[in-house]
Amino acid sequence: MTFGPMSGGEINLEFTEFGLIVEGIKFDRVLAHYIGWPNDEVLHAHRLWGRGLTYYAMHEVANSDWLAELELRNSFHIQHIPGIFSSFRHFIGTYKDGTFECIARGLEWAGRKY
C-alpha cells in the first residue's frame, strides 16, 4: 500500500506519549524505527527498490524481512511467544534527504487511521 505524495525535504520526528509523529503522520505503538540513508539520489540502492518503492511517498511493506528478523531475534527470549509481532506493520517513507522506516501497529494521517 502506498500513501502519498510526501513533501520531500528534511525528515522531522517528534516523539510523544502517544507515539511517534513524522511529517504529520502519527505512528501507533512503535516497535522500531530507522532514519537515514538512502536519500532520493540513491533510492534505487534500497533493498526494496523494484518491489514498489517510489519517491516521496509513504509505503507499507508486505511480508517484511525486517519484521521477520525482529521476530527471530526475539525468539531467543526465554518467554518468547511465536507471532508476538503479527499485529505490527512495516512502513517506509521516502524523502529528498533520506528514508524513514518504522515498525508500528498502524498510522494516522490527515485524520484517517490505517
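The structure presented is a predicted model; accordingly, all values stated were derived computationally and were not measured.
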Does any part of the side chain of [Y], heavy atoms only, come nearer than 4.5 Å to the side chain of [X], both counted from C-beta?
X     : Y      : value
Met58 : Leu107 : yes
Phe91 : Glu101 : no
His77 : Ser75  : no
Phe27 : Arg89  : no
Leu48 : His59  : no
Ile84 : Glu71  : yes
His33 : Phe100 : yes

Any chance CG of Leu72 has more than 12 other-residue heavy atoms, nucleotides or ligands included, within less than 6.0 Å? yes

If you count heavy atoms of other groups shown closer than 6.0 angstrom to CZ of Arg105, is the number above 12? yes

May I ask you to decide whether Glu108 forms a salt bridge with Arg112, counting only side-chain N to carboxylate O separations under 4.0 Å? no

Inspect the contact between Asp65 and Arg47 and indicate whether a charged nitrogen and a carboxylate oxygen are less than 4.0 angstrom apart. yes

Among Phe85, Tyr34, Phe88, find the one that has a side chain to side chain contact (heavy atoms under 4.5 Å, CB included) with Ile103. Phe88

So among Leu43, Thr99, Val42, which one has a side chain to side chain contact (heavy atoms under 4.5 Å, CB included) with Trp37? Val42

State the CG-CD distance between Asp97 and Glu41, to the nearest 0.5 angstrom. 9.0 Å

For the pair Ser64 (side chain) and His90 (backbone), establish whether a donor and an acceptor sit closer than 3.5 Å, ignoring hydrogens and angles. no

Verify the distance criterion only: is there a donor paired with an acceptor across the side chains of Asp40 and Tyr95 at less than 3.5 Å? no

